Amino acid sequence: MIVPISLLAELLQALPQLRAQIYFKSSMTALSHAMEDLVLAGSDDEPLVIASFQRERFYRQEAHRYRRISSLSSQVYVLAAAETEFKNASECHETVAFAPEDGLSKEWHLVVIGQHYSTCLICQEKIVPIDNQDDRGPLLMDQARRFEGIWTFDREVSSKAAALLLDKIIQYRPELAEKIDRARTTYKLKTPKKTRKSAASKITKPDKSAEKDSKIPNPKLRDAFAQRLVTYLQAGQHKLLKAYAAIAAQERKERLVNLITTAMRQSLNPQEIVEVAVHELGTALSASRCLIYRCKAADVAVKIDREFLRPGASSLLNQTWLLQENQIWIDAVARQERVYIQDTAQHPLIVNTKFLKKTVKNWQIVSWLMVPVLYQGRVLGMVEMHQCRSTLAWEEDEIALVEAIATQLGAALIQAETYAHLEELNQQLEALDRTRSNLIAITGHELRTPLSTIQVCLESLNSEPDMPPKLRQIMLETALGDADRMRKLVQDFLTLSHLESGQVQWNVESLTLQECVDLALSSVRSGGGLDRQLPEIIAEVSAELPLVQADGEWLVEVLSKLLDNACKFTTPQGSVTIRAKCNGSRMVEVLVADTGRGIEANSLKVVFDRFYQEEGALRRSAGGTGLGLAICKQIVAGWGGKIWVDSAGKDRGSEFHFTIPTV
């Protein structure tokens with residue numbers, strides 16, 4: 001059987017002149033003990049004692065006292081929600097077990113009525129919403145429990161409360177009806193209406209004796225001392241709660257700062273650090289929305305990629321957050337300190353700024369806090385806190401907590417940034433080391449071999465003046481060929497160095513792509529040599545293409561190197577194709593495709609690195625320096641284009657693409 005309405009509500013309904021007050025748990029404990037001690041002092045014979053505990057465990061803490069009270073009176077009733085062994089019983093006193101979901105589980109009652117005094121405590125616990133609960137330990141939460149109710153010595157109120165409680169006891173234990181009737185008679189309590197005879201059968205007169213008895217004064221209890229004691233207890237509890245709040249705030253601040261520090265030590269990834277900070281900060285401050293994003297003072301906009309969100313608030317994740325139009329953001333960056341607007345609906349800056357007014361409306365921002373993330377005066381990001389349902393102000397210590405986290409974030413982000421730069425420098429050093437190794441290999445292979453050949457040829461010509469003319473011609477051609485090979489190697493070194501230094505003076509002009517392709521094809525065919533048979537080269541470049549904007553000499557260089565590279569790795573039985581088309585973005589895309597050796601998937605990203613060759617630095621069956629594609633990449637980047645390669649895999653050909661701006 002579950003009681004649908006609280007006893008406090010029934011009492012206030014029956015006696016509308018009463019006004020409920022707020023009591024803290026410590027005050028209620030002290031009052032309850034004082035009322036129990038009054039009974040234990042034996043100042044009256046056989047008092048009626050009714051105690052309602054929220055849970056069995058609370059009763060267990062006081063069970064010894066109620067065993068002593070029951071030795072002084074036969075009219076002792078204890079109600080509690082059963083948890084283990086508590087049940088309906090008539091042992092030392094009457095116990096009444098109610099279901100844990102019953103409304104009585106949220107109430108705290110104690111009524112004591114004697115022949116010469118009466119007092120009652122009727123309270124209902126005020127449940128604090130989860131969002132408003134402080135982040136404190138179990139002890140602090142228990143001390144902070146608040147109850148709303150009535151504490152009085154008034155005989156009328158005490159009698160009414162006792163009558164209501166006895167009604168509820170009968171509902172749970174109807175077998176006690178006779179005993180409860182004796183209590184009603186003994187303590188002159190009114191009989192419940194449902195037990196009276198109807199007015200049609202009998203008209204009853206008011207019970208003058210009960211009314212007279214309800215006026216019995218309590219001279220011993222109605223003194224100023226008792227009232228002042230309660231006031232003192234309440235004031236002390238307020239001070240205690242204030243101290244608890246300060247301790248909890250400091251503990252929360254230290255915990256969050258330590259959490260960010262731990263995240264920083266465990267990860268040098270700025271995204272992971274921000275993820276931890278945004279979640280913990282939003283939770284700690286009970287914000288509707290918490291944003292932490294990286295930005296600079298000159299940024300125009302930023303994309304929100306980290307967010308804490310409570311149910312009911314709209315998500316800003318992946319939204320573009322305009323910065324330079326947001327005067328709040330501008331003020332926070334300019335002053336390098338927090339900006340807090342408690343009520344956006346009343347703030348003149350928002351009311352008079354169209355952009356801010358629209359932003360507040362679209363995202364339901366009621367309160368707005370911005371704290372810049374700084375390091376040595378440099379803006380690294382911003383922490384934003386939004387409330388979307390309430391204008392309840394954040395306390396100064398809560399805002400100080402956000403500032404402390406922002407400071408910690410600044411140090412963490414700088415550390416992560418420094419580490420990233422260090423990693424980049426390490427990668428550059430590794431690249432330089434590979435370059436040095438490749439340079440040594442190139443020098444040993446590409447320079448020493450032709451030098452040795454040239455030396456042998458010249459020594460032979462010098463030592464054998466009677467050498468047959470035909471052999472002499474072969475020696476000269478060999479020496480000249482290797483000398484040209486060395487010249488190209490040195491030229492490639494100088495060209496790449498010149499391009500990477502950024503000192504190239506680009507002679508940009510409007511060109512016909514077809515003419516540049518023809519020049520490149522002529523260069524490749526004439527440079528093939530007598531000992532090299534070229535594959536079939538197919539040119540499919542339309543004269544209808546728009547003019548391109550590029551340096552003609554460098555454009556021919558790119559085309560020549562890509563065509564030469566395609567021919568080098570394609571058998572004479574294969575083919576090389578060059579095509580061009582407009583790609584719709586004021587660019588012409590050029591394709592050089594071959595049916596040759598192809599490129600493995602794991603090598604597609606490194607083919608444009610210096611000294612790269614598919615076979616390795618010391619196994620170059622096709623010859624070359626491995627600098628050609630690196631040179632092409634630098635040239636294409638110089639006019640604002642892109643270059644990339646596609647390949648289906650080994651022995652399945654390759655496709656090199658690059659783009660050129662049009663007029």
Side-chain angles (χ1 to χ4, degrees), residues 423-447 449 485 488-489 491-493 495-497 499-500 520 524 532 534-538 554 557-579 583 589-638 641-660:
E423 275 197 329
E424 186 179 344
L425 288 173
N426 285 335
Q427 290 173 0
Q428 291 177 3
L429 287 173
E430 289 176 3
L432 287 173
D433 188 60
R434 288 195 302 269
T435 300
R436 180 186 62 81
S437 299
N438 287 329
L439 181 59
I440 293 172
I442 287 290
T443 304
H445 185 270
E446 298 295 339
L447 290 180
T449 301
R485 180 179 170 186
K488 288 182 179 179
L489 173 62
Q491 183 61 44
D492 281 350
F493 271 120
T495 299
L496 184 59
S497 176
L499 288 165
E500 289 182 339
V524 170
R532 187 175 112 179
L534 297 175
E536 180 185 10
I537 301 177
I538 305 169
W554 289 112
E557 181 78 7
V558 171
L559 292 167
S560 299
K561 287 190 178 299
L562 290 178
L563 287 167
D564 184 68
N565 194 66
C567 292
K568 188 187 299 183
F569 293 101
T570 304
T571 62
Q573 293 75 31
S575 63
V576 174
T577 304
I578 180 168
R579 298 190 185 95
N583 64 6
E589 182 181 325
V590 180
L591 165 68
V592 177
D594 62 67
T595 59
R597 186 176 300 174
I599 303 171
E600 297 286 356
N602 59 355
S603 300
L604 290 174
K605 293 183 179 180
V606 296
V607 293
F608 295 101
D609 291 352
R610 289 175 293 181
F611 303 118
Y612 172 80
Q613 278 202 347
E614 183 73 11
E615 293 181 289
L618 298 179
R619 295 185 292 108
R620 294 181 173 85
S621 60
T625 64
L627 296 175
L629 292 178
I631 291 172
C632 290
K633 180 180 178 181
Q634 292 292 329
I635 295 172
V636 172
K642 295 182 180 179
I643 187 168
W644 68 97
V645 61
D646 296 320
S647 178
K650 193 172 182 179
D651 298 325
R652 300 182 67 180
S654 304
E655 293 183 353
F656 284 85
H657 306 254
F658 70 93
T659 58
I660 319 168

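Along the sequence shown, the residues carry numbers beginning at 1. The structure presented is a predicted model; accordingly, all values stated were derived computationally and were not measured.
- For L629 against V607, the heavy-atom pair with the smallest separation is CD1-O, 3.4 Å.
- Between V576 and P535, the shortest heavy-atom contact is CG2-CG, 3.9 Å.
- The CD atom of E536 lies 12.0 Å from the OG1 atom of T570; values are rounded to the nearest 0.5 Å.
- Distance CG/L562 to CD/E557: 10.0 Å, rounded to 0.5 Å.
- At least one donor-acceptor pair under 3.5 Å links the side chain of D594 to the backbone N or O of S654.
- Annotation: salt bridge (Lys or Arg N to Asp or Glu O under 4.0 Å) contacts of E655 (sequence neighbours excluded): none.
- Contact annotation: the side chain of I599 never approaches that of F569 to less than 4.5 Å [non-hydrogen atoms, C-beta and beyond].
- In this view, N602 and E600 satisfy the side-chain contact (heavy atoms from CB on, under 4.5 Å) rule, not counting sequence neighbours.
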Tell me, with the steps shown, if V590 and V558 meet side-chain contact (heavy atoms from CB on, under 4.5 Å).
CA-CA 11 Å; V590 180; V558 171; over 6 Å; no
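- The side-chain contact (heavy atoms from CB on, under 4.5 Å) check on Q491 picks up T495, with sequence neighbours excluded.
- Not counting sequence neighbours, the partners of E589 by the side-chain contact (heavy atoms from CB on, under 4.5 Å) test are K581, N583, W644, H657, T659.
- One finds the OG1 atom of T577 at 10.0 Å from the CG atom of L563 (value rounded to the nearest 0.5 Å).
- Taking CD1 of I578 as the reference point, atom CG of L591 lies at 8.5 Å (rounded to 0.5 Å).
- Remark: side-chain polar atoms of T595 are paired, donor with acceptor, to backbone N or O of S575 under 3.5 angstrom.
- Closest of all the heavy-atom pairs between C632 and K561 is SG-CB, 3.7 Å.
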